[in-house]
Amino acid sequence: MQEVKVVRTLITTFLGIILRSALVSSQSVNDCTFDLKDGEVSTCNLIMDASAFKFESWKTGVGSTFAWLGGPAEDAQENTSGGYVFTSISDMLSTFQQPKKAWMVTSPSNSTGALGRCLQFAHAIGGLGIKSLEVRLLTYDNEDVQEALANDTIPLQYEVTSLWRTKQTTHGDWQKVQLTFSTMQEYSIVFSASPDTRYSNYRGYAAIDDIAFTVGPCDNECMFDLDFCSWANNDTGDNFDWVIGRSSAKRGTGPSRDQTSSLINRIYAGGYAYADSSFPRLPLETAMLVSSAVQPTEKPLCLHFWLNVHGGGVGNVRVLFSPVSSSSKTKELWSIGKGIKSGTDIWYPCQQTIASTEEFRIIFEATVGIPGSGDVGLDTIKITQGSCPSLPPGSSSGWSDCTFLDDTCGWQIPTPDSFDCTFLSRVAGGKYNPAGHTESVYEIADMYMKFDLNCYKNRARDRAAMVSSTLTLDTDVCLSFWVMMYTNVASQTYVGALRVILQYPDKNVTVWRLQNQQHASWTYAQVKVPATPSVKVAIEGLQGPKVMGMIGVDDIAMFPLACSLEPASAMVQPADCTFDHDLCLWKVEASDQGGSSLTKWHLASGEKVLLDHTFYADRGGFAYVESFNTKYTSRLRGPVFPQNQTFCFTFWFTEVYEDFSAKISLIRTSEGKEDVLWSVLQDKIVNPGVSKNNVINWRYAQVPLASHDTDYELVLEGEVMRSAWAIDDFHVIPDRDDCRLEPSYAQP
Ligand SMILES: *[C@@H]1O[C@H](CO)[C@@H](O)[C@H](O)[C@H]1NC(C)=O
Ligand SMILES: *[C@@H]1O[C@H](CO)[C@@H](O)[C@H](O)[C@H]1NC(C)=O
Ligand SMILES: *[C@@H]1O[C@H](CO)[C@@H](O)[C@H](O)[C@H]1NC(C)=O
Ligand SMILES: *[C@@H]1O[C@H](CO)[C@@H](O)[C@H](O)[C@H]1NC(C)=O
Ligand SMILES: *[C@@H]1O[C@H](CO)[C@@H](O)[C@H](O)[C@H]1NC(C)=O
Ligand SMILES: *[C@@H]1O[C@H](CO)[C@@H](O)[C@H](O)[C@H]1NC(C)=O
């Protein structure tokens, strides 16, 4: 079998090269970089006036005029005088009719042939107001398409199919997309933007640049229409081969058509990889389709593919990770057998994060169940940048992947104690909730986890957590997820907090934290989880004061690479503390002065008149020391700071009650030596705002911590007699050179 196969591969490869080189060299009529010609942005052969399709149109833009006209400040080549096309919400709401989508359409092209086409383009979405940006394949039913386009009395007849869609802002950055498609009919590609009418006063935009079509599938994609692309059958380790299928010859098993054409009515074209279980196959025999070698990945990749498991007797399908170096073992990444309900002739979208520090191959393995009564079709393999939770739910052999589409995938959440409002639950995007993050080619009610800040029963600093099962990690891994955290109330931006806590048997460590107003859109987050025999990951939401707002978490994926923390603002250092529920790693030092628990640093409780600094909420949330007629000194000692690194230590403090002799100091202690770095005597405070009428007057403090020749600790010392000090929001920023001492009167 091997010889025949090699010859076949050679022929198809050779054919592919000839076809590709013959066709790639000539630019497609629809390629466009939107360069300026005689001062005008050239729109190449694109159909810019979408009125024939009864949609709004896109318009041209140039970086240098963005301030007046909108759109991005530079084109996809980072050229501020470069051109692009864009549409903004005002274009889509410009008429007095219903809001409309804006369409830009490529001029009609003949069938792509079996090789298909790779479409590449750059897109940027900025501001608020774009609900989604979509690329659609439009196939014409008109006899003479050019005539119908030219003559408005002839109706255009066509069907559209979604090829790609995003709901995510790129925060104005250009991002490249590539996608493969094929069709037997005359077609156009449509770039379609939809408005989000909630933001009709904003200037959000979607922009497109650098459109290019090439013959054949994009790199890292395979449609199996002509051949196996860079995939190959395993010659040694399995029992039978995958073949290119076009339509099952059996009723009741095997795909009736390939994945792409299954999305379009009346079209039957294209091929797929087929593992046929019929005679002479025996139960448990396997067929392996192996990728070419993939270089180690610096960042995670997402492997997308479609499966058809038609028939009552389908066995298993697995995705295996096979290191090229023979010393490492093949591992299962993904598997179904139980996951998908086998039986129907449906193509299911599947995905799995792939990441590796060594060179590897990916293997698709089909195992025969009941011979002849269950075949496997595999189609439209695509590899994209970035992590993705595995699909369908339950298919991952990994840790805590979850799209929340079907359930919480083993993440434990507190049982709701009543029906009317639950702090943490799985919700669907829709009328009452923003859409989830999971992208789908199907219109589905996407689900995600929501911390409901509107729940009337919650009080400030109430918290709830979703907790993973216990993980054993042989290597460092990266936990990635998407977060949305915002309120629509402009006067109250204290939303609450979200943090990732690693729960070890002997300690809990906060490794990631965001608080208060963020973007009203999903933001990517990641954090490293070090190798360990036993850890649970908790994602904890914390309620701010009463606000109309939400904290959402979606699309969790873990992959075996160490990663830097994202977003940078979620960084947490050991000495950080918001004093919400405890003093974190700060310890009250024993003193022999006597006094009560109030004359030592303690967590403020409900009776205190101040609002805390973190959320401006009552009932505590900061540290406090006070006395009414005896002088006391109390010390709070923090965790160790490493030598040889500079830090900027920031916090908020305030005096409470007038007593000019009250003093608060920050002291560095190392090897028995103490240096006062920062010190405030109440007498020195300019405009002491001693809190009369419960007015809080938190003061900002900033202390440069120069590189020191030994490890050291910090001590915050409060001296009180007829007064009190309050402190909140310790936050340490490493390697910040421009850290000045604040306030200036705190210079010791
Ligand atoms: C920037 O775009 C303008 C207009 O298309 C073009 O003339 C110019 O050469 C471009 N500059 C660079 C550096 O590509
Ligand atoms: C499309 O096909 C028709 C008929 O085969 C041919 O006449 C025409 O030139 C082709 N158009 C393009 C753009 O290749
Ligand atoms: C447009 O189409 C109509 C109906 O098919 C036809 O009567 C008319 O002559 C066409 N107009 C032009 C300018 O071709
Ligand atoms: C083929 O399968 C065998 C057994 O699983 C495996 O050892 C070998 O590495 C595979 N070949 C390739 C090219 O992956
Ligand atoms: C870690 O946090 C959990 C949840 O709050 C708690 O139940 C557990 O006791 C904590 N473990 C340690 C060691 O503090
Ligand atoms: C700290 O810096 C000193 C002098 O530059 C050097 O001798 C020492 O090895 C450094 N220590 C560490 C832990 O990097």
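Worth saying up front: this structure is predicted, and the values here are computed from it rather than measured. Counting convention: from 1, in listed order, for ligands and their atoms alike.
Atom 3 (C) of ligand 3 has Thr153 OG1, 3.3 Å as its closest protein atom, hydrogens excluded (heavy atom only). Annotation: atom 1 (C) of ligand 5 to nearest protein heavy atom, Asn508 ND2, 1.5 Å. Closest to atom 4 (C) of ligand 1 among all protein heavy atoms lies Ser81 O, 3.4 Å. If you check which protein heavy atom lies closest to atom 14 (O) of ligand 3, you get Asn151 ND2, 3.5 Å. Among protein heavy atoms, the minimum distance from atom 5 (O) of ligand 3 is reached at Ile154 CG1, 3.9 Å.
Close contacts of ligand 5 with Asp506, meaning ligand atoms under 4.0 Å from a residue heavy atom, involve 13 (C). Within the listing of ligand 1, atoms 2 (O) sit less than 4.0 angstrom from a heavy atom of Gly82. With ligand atoms numbered from 1 in the order given, ligand 5 contributes 2 (O), 3 (C), 4 (C) to contacts under 4.0 Å with heavy atoms of Gln503.
In this structure the side chain of Ile556 reaches within 4.5 angstrom of the side chain of Phe404, judged on heavy atoms.
Between the Asn79 side chain and the Gly82 main chain, a donor and an acceptor come within less than 3.5 Å of each other.
Any N or O atom pair closer than 3.5 Å counts here, and Leu36 shares at least one such pair with ligand 1. In terms of N/O distances under 3.5 Å, ligand 5 is not approached by Lys507.
Residue Ile501 does not touch ligand 5, judged by heavy-atom distances below 4.0 Å.
Counting only non-hydrogen atoms, the option in Thr80, Asn79, Val41 that gets closest to atom 11 (N) of ligand 1 is Asn79.
Side-chain polar atoms of Gln120 and Asp210 form no donor-acceptor pair below 3.5 angstrom. For the residue pair Thr403/Asp554, the side-chain donor-acceptor check at 3.5 Å is not satisfied. No side-chain donor-acceptor contact under 3.5 Å links Ser42 and Asp35.
Paired with Phe191 under the rule ring-ring contact (aromatic ring centres under 6.0 Å, His included), one option of Phe121, Trp103, Phe55, Trp164 passes, and it is Phe121.
Taking the centre of each ring, Tyr524 and Phe481 stay at or above the 6.0 Å mark. Aromatic pair Phe730/Phe651: centroids less than 6.0 angstrom apart.
For atom 7 (O) of ligand 1, the protein comes within 4.0 Å by no heavy atom at all.
The 12-atom threshold is exceeded at CG of Asp506, counting heavy atoms of other residues, nucleotides or ligands nearer than 6.0 Å.
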